[in-house]
Amino acid sequence: MVIRSLLNSSRPVAFAAAMLSAVAPALAQQPIPPAQTDEGSAQKRGRITPFNGAALPEDGERKPAAAGPEKPKPSDGSAPSKGVNVIDRMGAELPDLPEEKPFTGKIDEAYGAFQRGYYLTAMDLALPRAQLGDPAAQTLVAGIFEQGLGVARDAKAAAFWYGQAATNGDPAAMFKYALILMEGRHVKRDRKKADELMKKAADLGNASAQFNYGQTLVADMPGERGLKAAMPYYEKSAEQGIADAQYALSQIYVNVDGVEDDKRARAREWLLRAARAGYDTAQLDIAIWLIEGIAGDRNLEEGFAWMKRAAESGNVVAQNRLSHLYVNAIGTRPDPVEAAKWYVLSRRAGLKDDALEDFYLGLNETQQKSALAAANKYRSS
């Protein structure tokens, strides 16, 4: 069993990117007198611009453009845009792109085939190398067997190859095989060896192993002693983007005595990073921190936004708290129907709240029906 986070939740890490595009300037237009039309026909419209080969003199007659006109500058508005960006329009030349460094490493054709989805090809290329003791190939073969990609799923074969790769020093395989040893799946259960492999993988930089070894220390040494021992491993894992570790750090930095002031000041930063990664428990907590002013200034509107996001992701506690925010107009305007909707959703999930029940019973029949309809519609969607 994978060791869970402080609140028994684990989420894969995810990343987002942003794109900025420059808008080309609008082309200049010159109006011309409307053409005469027959009675009852639609009036035709047209335009002459400096870009269609014709020029419009002051007397209104159309004359051919002079031969050999001076080539217009792209930035003076007399030529159509060809997708130039802001720097071009400012009259500055674009800087040269940095020279691409040639790849001098060894190409892993088996892993390349795996990344492209050619799993049988990847297996054909990796298996001979695995049989010769290549730890990276052994880990790849194990992963293909574990997930059943292009081959029949075979957990026993996966365990064997993870064990071989772990013995040969692959950190990812050490982490996987440590989990297998903990559960005793297709191998003899060995907690001591599992802990040794987990620590070794963590020390070699595997982010998942770092978090899980921190969890092991917390389990073996309950209280602040275990949390302080686990903190360096959480920090390394958090820096590599593991949301569970980021959340764990935020809680340790705020709640454990003896933490340095500069680290304690980063508690909200780590909680925000976990929340942005989609960790709903972190979203719930950052909402509470912002509303109550924990580890930083209060921001009711932002706290409400995070509470709503956590509620919409299915966090039952957040749904309950969001109802209270609507009732008390905290970070938002009062909305009895929305408040009742979120209360109904959390109540259906088993979370009882006497105060919200009294609020719900105090609504008129129309409001209750609207709230029930909204809850049913939200649940079905």
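The first residue in the sequence is number 1, and the count goes up from there. Since the structure is predicted, the reported quantities are computational estimates derived from the model, not experimental observations.
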For A238, is there any backbone N or O sitting under 3.5 Å from a side-chain donor or acceptor partner on Q246?
yes
Does any N or O in the side chain of K228 come within less than 3.5 Å of the main-chain N or O of D257, such that one atom is a donor and the other an acceptor?
yes
Y233 ring center near F211 ring center (under 6.0 Å)
no
N212 side chain to S208 main-chain N or O, any donor-acceptor pair under 3.5 Å?
yes
Look only at the side chain of S237 and the backbone of A207, and say whether a donor-acceptor pair between them is shorter than 3.5 Å.
yes
Any donor-acceptor N or O pair under 3.5 Å, side chains Y234, Q215:
yes
Taking only Lys NZ, Arg NE, NH1 and NH2, and the carboxylate oxygens of Asp or Glu, determine whether E239 and K236 approach each other closer than 4.0 Å.
no
Considering only NZ, NE, NH1 and NH2 on the basic side and carboxylate oxygens on the acidic side, decide whether D220 and R191 come within less than 4.0 Å.
yes
Would you verify whether the NZ or CZ of R347 falls within 45 degrees of the ring axis of Y360 while also being under 6.0 Å from that six-membered ring's centre?
yes
Scan side-chain atoms only and decide if D170 and T139 contain a donor-acceptor pair under the 3.5 Å cut-off.
yes
Are any of the side-chain heavy atoms of Y253 and E269 separated by less than 4.5 Å?
no
If only atom types and distance count, is the side chain of Y378 paired as donor or acceptor with the main-chain N or O of E312 below 3.5 Å?
yes
Enter the distance from Y162:OH to R185:CZ here, rounded to the nearest 0.5 Å.
9.5 Å
Please determine, by modelled atom types, if Q240 and Q210 share a side-chain donor-acceptor pair under 3.5 angstrom.
yes
Nearest-0.5 Å distance, OH of residue Y326 to CE of residue M307:
12.0 Å
Presence of salt bridge, K200 and E196, under 4.0 angstrom:
no
Report yes if the side chains of R129 and E109 come closer than 4.5 Å at any heavy-atom pair, otherwise no.
no
Less than 4.0 Å between a side-chain N and a carboxylate O, is that true for D195 and K199?
no
Could you measure the distance from the CG atom of L356 to the OG atom of S346? Nearest 0.5 Å is fine.
6.5 Å
As an exercise, state the distance from NZ of K176 to CD1 of I180, rounded to the nearest 0.5 Å.
8.0 Å
Taking the basic N atoms (NZ, or NE/NH1/NH2) and the acidic carboxylate oxygens, is any pair closer than 4.0 Å for R268 and D285?
no
Taking only Lys NZ, Arg NE, NH1 and NH2, and the carboxylate oxygens of Asp or Glu, determine whether E260 and R264 approach each other closer than 4.0 Å.
no
